[in-house]
Novice: 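Structure incoming, see below.
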Amino acid sequence: MAKRRPQKLRRPMTREMLLPIAASIARHRSIKYHMACHQLASGSGSPTVFAQLFEAVYGAYFVHVATLGRTGLDVFREAEKELRECYTRAKAEGRFDKAPESMVAIQKVLLLRDEQFRTVPSHIIDTAEERFLRYVKSDGDDSPIAPDPKC
C-alpha cells in the first residue's frame, strides 16, 4: 500500500494576501535590485550582486508564470543568459568587475519586477519567493526557466 504524503495545510486567504505588498517593502526590494544592477554595470560586481540579480530574474519569472503563464518568456531567458555568461566569466577570471556588454534584458526584467511589486497580490509574490528558495536549495545547475520550445 502506497504511503500518502501529508497535505500541506493552506492558510486561509486574508485581505492582505490579496493586495500587493506594502509600498515600503516594494520600494526597498526594488532599490536593492536596481542597486545591484548599477553595481554590476559600473564594474563593482560581487557574488552577492549576482545572487541578488538572479533572485530578481527568477522571482519575476515565477510571478510571470503564475499570473500570465508560459508565454513571453524570452526576456527572462535573455536576462538569465546575460547573468550566467557574466558570472561564469567573472568566476573564471577571479574578478567580478566586468559588466555584461549589454544589460538590456536584465534592466527590462527589473522593470517588470517593479510592476509586479506594485500590482500582483502578495500571496503570489510569496509563493514565487518560496519557489526561488526551493530552486536555490536544490543545488541544480539547470535553469528554472522553461526552455524555448523552438530550440
Novice: Could you tell me the separation between the NZ atom of Lys81 and the SG atom of Cys86, rounded to the nearest 0.5 Å?
Specialist: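 Answer rounded to 0.5 Å: 13.5 Å.
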Novice: So which atom in Ala105 and which in Ala79 form the shortest heavy-atom distance, rounded to 0.1 Å?
Specialist: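 Between these two residues, the closest heavy atoms are CB-N, 3.5 Å.
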Novice: Would you find a donor on one side and an acceptor on the other, under 3.5 Å apart, between the side chain of His64 and the backbone of Arg70?
Specialist: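 Checking the backbone N and O of Arg70 against the side chain of His64, no donor-acceptor pair under 3.5 Å is found.
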Novice: Any chance you could measure His123, atom NE2, to Met13, atom CE, to the nearest 0.5 Å?
Specialist: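 Reported to 0.5 Å precision, the distance equals 4.0 Å.
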Novice: Within this structure, what is the CD1-CD1 distance for the pair Ile124 and Ile21, rounded to the nearest 0.5 Å?
Specialist: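 Going from CD1 on Ile124 over to CD1 on Ile21, the span is 12.5 Å.
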Novice: Which atom pair, heavy atoms only, marks the closest approach of Leu83 to Phe50?
Specialist: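 Nearest pair, atom of Leu83 first, then Phe50: O-CE2, 3.9 Å.
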Novice: A side-chain contact here means heavy atoms from C-beta on lying under 4.5 Å apart; do Leu19 and Glu16 qualify?
Specialist: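 Side-chain contact under 4.5 Å: no.
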Novice: Please check this pair: side chain of Thr88 against backbone of Glu85, looking for a donor-acceptor N/O pair closer than 3.5 Å.
Specialist: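 Side chain of Thr88 to backbone of Glu85: no pair is present.
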Novice: Where do Glu80 and Ser143 land on the side chain to side chain donor-acceptor pair (under 3.5 Å) test, with the steps shown first?
Specialist: CA-CA 8 Å; Glu80 179 189 48; Ser143 170; 2.6 Å; yes
Novice: Can a donor-acceptor pair be found, under 3.5 Å and without considering hydrogens, that links the side chain of Tyr61 to the backbone of Ala146?
Specialist: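 Yes, because the side chain of Tyr61 sits within donor-acceptor range (under 3.5 Å) of the backbone of Ala146.
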Novice: Flag the pair Ile106 / Cys37 as yes when at least one side-chain heavy-atom distance between them is below 4.5 Å, and no otherwise.
Specialist: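 They are in contact (side-chain heavy atoms under 4.5 Å apart), so the answer is yes.
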Novice: How about NZ on Lys91, more than 12 heavy atoms from neighbouring residues, nucleotides or ligands closer than 6.0 Å, or not?
Specialist: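 No - once you tally the heavy atoms of other residues, nucleotides and ligands closer than 6.0 Å, there are 12 at most.
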Novice: What is the minimum heavy-atom distance between Pro121 and Leu18, and which atoms define it?
Specialist: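 Heavy atoms of Pro121 and Leu18 come nearest at CB-O, 3.5 Å.
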Novice: Quick one, Pro144 and Phe62 - any side-chain contact, counting heavy atoms below 4.5 Å?
Specialist: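 Yes - at least one pair of side-chain heavy atoms lies under 4.5 Å apart.
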Novice: For Tyr58 and Ile145, which heavy atoms make the closest approach, and how far apart are they?
Specialist: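 Closest heavy-atom pair between Tyr58 and Ile145: CE2-CD1, 3.8 Å.
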Novice: Grouping I, L, V, M, F, W and Y whenever their side-chain heavy atoms are under 4.5 Å apart, do Leu53 and Val104 come out in a common cluster?
Specialist: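 Different clusters: Leu53 never reaches Val104 through Ile, Leu, Val, Met, Phe, Trp or Tyr contacts under 4.5 Å.
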Novice: Please walk me through it: do Lys32 and Glu55 pass salt bridge (charged side-chain N to carboxylate O under 4.0 Å, His left out)?
Specialist: CA-CA 11 Å; Lys32 176 178 85 167; Glu55 176 185 339; 3.6 Å; yes
Novice: Kindly give the heavy-atom pair with the smallest separation between Phe54 and Phe132, and that separation in Å.
Specialist: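 The answer is O-CE1, 4.1 Å.
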Novice: Is there a side-chain contact between Thr14 and Met17 (heavy atoms, below 4.5 Å)?
Specialist: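 SC-SC contact between Thr14 and Met17 confirmed.
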Novice: Distance check, rounded to the nearest 0.5 Å: Thr48 atom OG1 versus Gln52 atom CD?
Specialist: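 Spacing of OG1 (Thr48) from CD (Gln52) equals 6.5 Å.
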Novice: Relative to each other, are the rings of Phe117 and Tyr33 parallel, tilted or perpendicular (30° and 60° limits)?
Specialist: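 Plane angle under 30°, so parallel.
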Novice: Only pairs under 3.5 Å count here: list side-chain donor-acceptor contacts from residues 108-115, not counting sequence neighbours, and write none if there are none.
Specialist:
{"from": "Arg113", "atom 1": "NH1", "to": "Gly59", "atom 2": "O", "distance (Å)": "3.4"}
{"from": "Arg113", "atom 1": "NH1", "to": "Gln116", "atom 2": "OE1", "distance (Å)": "3.1"}
{"from": "Asp114", "atom 1": "OD1", "to": "Ser30", "atom 2": "OG", "distance (Å)": "2.6"}
{"from": "Asp114", "atom 1": "OD1", "to": "His34", "atom 2": "NE2", "distance (Å)": "3.3"}
{"from": "Asp114", "atom 1": "OD2", "to": "His34", "atom 2": "NE2", "distance (Å)": "2.8"}
{"from": "Glu115", "atom 1": "OE1", "to": "Arg118", "atom 2": "NH2", "distance (Å)": "2.7"}

Novice: Calculate, to the nearest 0.5 Å, the distance between atoms NE2 and CE belonging to His38 and Met35 respectively.
Specialist: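 The NE2 atom of His38 sits 6.0 Å away from the CE atom of Met35.
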Novice: Is the shortest heavy-atom distance from the side chain of Ile125 to the side chain of Arg29 under 4.5 Å?
Specialist: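 Ile125 vs Arg29: side chains touch.
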Novice: What is the minimum heavy-atom distance between Ser44 and Val49, and which atoms define it?
Specialist: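 Where Ser44 meets Val49 most closely, the heavy atoms are O-CG2, 4.3 Å.
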